[in-house]
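Both backbone and side-chain heavy atoms feed into the values below; hydrogens, waters and symmetry mates do not. Along the sequence shown, residues are numbered consecutively beginning with 1. Counting starts at 1 for both ligands and their atoms, following the listed order.
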Amino acid sequence: MKIDKVIIDHIKMPLVHPFETSFGRMVEKDFLVIQMYSGEYIGYGESVALPDPTYTEETTGTISYMLDQFLIPLLFRNTINHPDDITTIFAPIRRNNMAKAALEGAVWDLHSKQKGISLATALGGSRKEIDVGVSIGIEKSIEDLLGKVEQFLHEGYKKIKVKIKPDYDIEPLQKIRERFGYNIPLMADANSAYTLQDTNKLQKLDPLKLLMIEQPLGFDDIVDHAKLQKQLTTPICLDESINSAEDARKAIELGSCQIINIKIGRVGGLSEAKKIHDLCAKNNIPVWCGGMLEGGIGRAHNIAITSLANFTIAGDTSASNRYWHEDIIYPEVVLSKPGTIQVPAAPGIGYELKGDSIKKYRISRKIYEN
Ligand SMILES: O=C(O)CCC(=O)c1ccccc1C(=O)O
Ligand SMILES: [Mg+2]
């Protein structure tokens, strides 16, 4: 496959509802949309980093720089026989996983369009529809939070994830259990807001029978998580700590987690995401697909990877209208039935870019010709 041209649009879109985590509050998302041309086909990719380096060290700005200075020149200079080759081509560049994934996702889309198969099929996925959940940020009041939980349960979402931090944890979760009972699939995400010193406090969450607690400790830790897991009955799920299949292998070996949240951007692309999926399947570690408040292109990639067999837990890939007034793709992502999204069968990601939305939300455009 020869890449002829790459167009990068910088988009800034307001969120329908502000999203607050232990590391900050977001009211809009800015990201890059990649259009990659090869012969008669166009592959789509999206950068998933946050505007600030608060979740990982990457931002939309660092991605833009890495694409411009290093990754696009490497892409243009090398022969690509299969999307898996991108991992090797980008290997000399350390980290910058979300920058790499933005391009690699477009190559996977191109590859599946050239083969005339869906991206899900190209990745080895067989699910026709996927179960999805919703991630709820820190709300202004517990009443607001309970209102949100009620709304999303009503829409049929199959996992309710609530962001927590040290002054907002046991109480909101307890109130949710009191109001909605112990049968609703409930979990918490701490985004690294605790340390081992908080072990006693985290043990107090055990009676709440959460599905899991996501990333309670350091964003780069796997050692302390193993110590904590021995003292909790609630399963630990790792997010920030897992940036590669090697990280996953070490975390599994140490017993740092029982579940892994796979985000395509965080691990550097679909090929690495698939590797982690396969490794976890072999080790009886269930996985689910995390989210980065993506626009429609990133969302489409998430849907495709979730069609793989070991994605047995509902992910954070919610419908377009949970995030956006107007998404950048058509059709928009909708719940085909309660808590379920259909995996497109059309070639590639199975969604088209919506030119009007791109124009409306675009800040700038760069064009690279090979
Ligand atoms: O709905 C989504 O896209 C998931 C939202 C979410 O939880 C999240 C959003 C931005 C950065 C990190 C995280 C996270 O999973 O930790
Ligand atoms: Mg998380």
Between the side chains of N191 and T21, does any donor sit under 3.5 Å from an acceptor? no
Given D169, which of K163, K201, K204 fulfils the side chain to side chain contact (heavy atoms under 4.5 Å, CB included) condition? K201
Please tabulate protein-ligand N/O pairs under 3.5 Å for ligand 1, atom names and distances to 0.1 Å.
from: ligand 1; atom 1: 1 (O); to: Y323; atom 2: OH; distance (Å): 2.7
from: ligand 1; atom 1: 3 (O); to: M292; atom 2: N; distance (Å): 3.3
from: ligand 1; atom 1: 3 (O); to: L293; atom 2: N; distance (Å): 2.8
from: ligand 1; atom 1: 7 (O); to: S135; atom 2: OG; distance (Å): 2.9
from: ligand 1; atom 1: 7 (O); to: K161; atom 2: NZ; distance (Å): 3.3
from: ligand 1; atom 1: 7 (O); to: K163; atom 2: NZ; distance (Å): 2.9
from: ligand 1; atom 1: 15 (O); to: K161; atom 2: NZ; distance (Å): 3.0
from: ligand 1; atom 1: 15 (O); to: D189; atom 2: OD2; distance (Å): 3.4
from: ligand 1; atom 1: 15 (O); to: D239; atom 2: OD2; distance (Å): 3.4
from: ligand 1; atom 1: 15 (O); to: K263; atom 2: NZ; distance (Å): 2.9
from: ligand 1; atom 1: 16 (O); to: K163; atom 2: NZ; distance (Å): 3.0
from: ligand 1; atom 1: 16 (O); to: D189; atom 2: OD2; distance (Å): 3.0
from: ligand 1; atom 1: 16 (O); to: N191; atom 2: ND2; distance (Å): 2.7
from: ligand 1; atom 1: 16 (O); to: D239; atom 2: OD2; distance (Å): 3.2

If you measure only the distance, is there a donor-acceptor pair under 3.5 Å linking the side chains of Y323 and E294? no
Please tell me whether Q174 and E178 have a donor and an acceptor in their side chains that are separated by less than 3.5 angstrom. no
Sequence neighbours excluded and cut-off under 3.5 Å, please list the side-chain donor-acceptor pairs for residues 262-273, or say none.
from: K263; atom 1: NZ; to: Y55; atom 2: OH; distance (Å): 3.1
from: K263; atom 1: NZ; to: D239; atom 2: OD2; distance (Å): 3.2
from: K263; atom 1: NZ; to: G291; atom 2: O; distance (Å): 3.2
from: R266; atom 1: NE; to: D239; atom 2: O; distance (Å): 3.0
from: R266; atom 1: NE; to: I242; atom 2: O; distance (Å): 2.7
from: R266; atom 1: NH1; to: D239; atom 2: O; distance (Å): 3.3
from: R266; atom 1: NH1; to: D239; atom 2: OD1; distance (Å): 2.6
from: R266; atom 1: NH1; to: N261; atom 2: O; distance (Å): 3.1
from: R266; atom 1: NH2; to: I242; atom 2: O; distance (Å): 3.1
from: R266; atom 1: NH2; to: N261; atom 2: O; distance (Å): 2.6
from: S271; atom 1: OG; to: D84; atom 2: OD1; distance (Å): 2.6
from: S271; atom 1: OG; to: E104; atom 2: OE2; distance (Å): 3.0
from: S271; atom 1: OG; to: W108; atom 2: NE1; distance (Å): 3.2
from: E272; atom 1: OE2; to: A245; atom 2: N; distance (Å): 2.8

salt_bridge(D316, K159) N-O dist < 4.0 Å: yes
Report all side-chain donor-acceptor pairs from residues 31-39 shorter than 3.5 Å, counting only partners two or more places apart or in another chain.
from: S38; atom 1: OG; to: K2; atom 2: O; distance (Å): 2.8
from: S38; atom 1: OG; to: Q114; atom 2: NE2; distance (Å): 3.4

Salt-bridged, K148 to D144, with N to O below 4.0 Å? no
Which residues and atoms, counting only protein N, O or S, are under 2.8 Å from the Mg ion (ligand 2)? D189 OD2, E214 OE2, D239 OD2
Consider only side-chain N and O atoms of D327 and Y351, and report whether a donor and an acceptor are under 3.5 Å apart. no
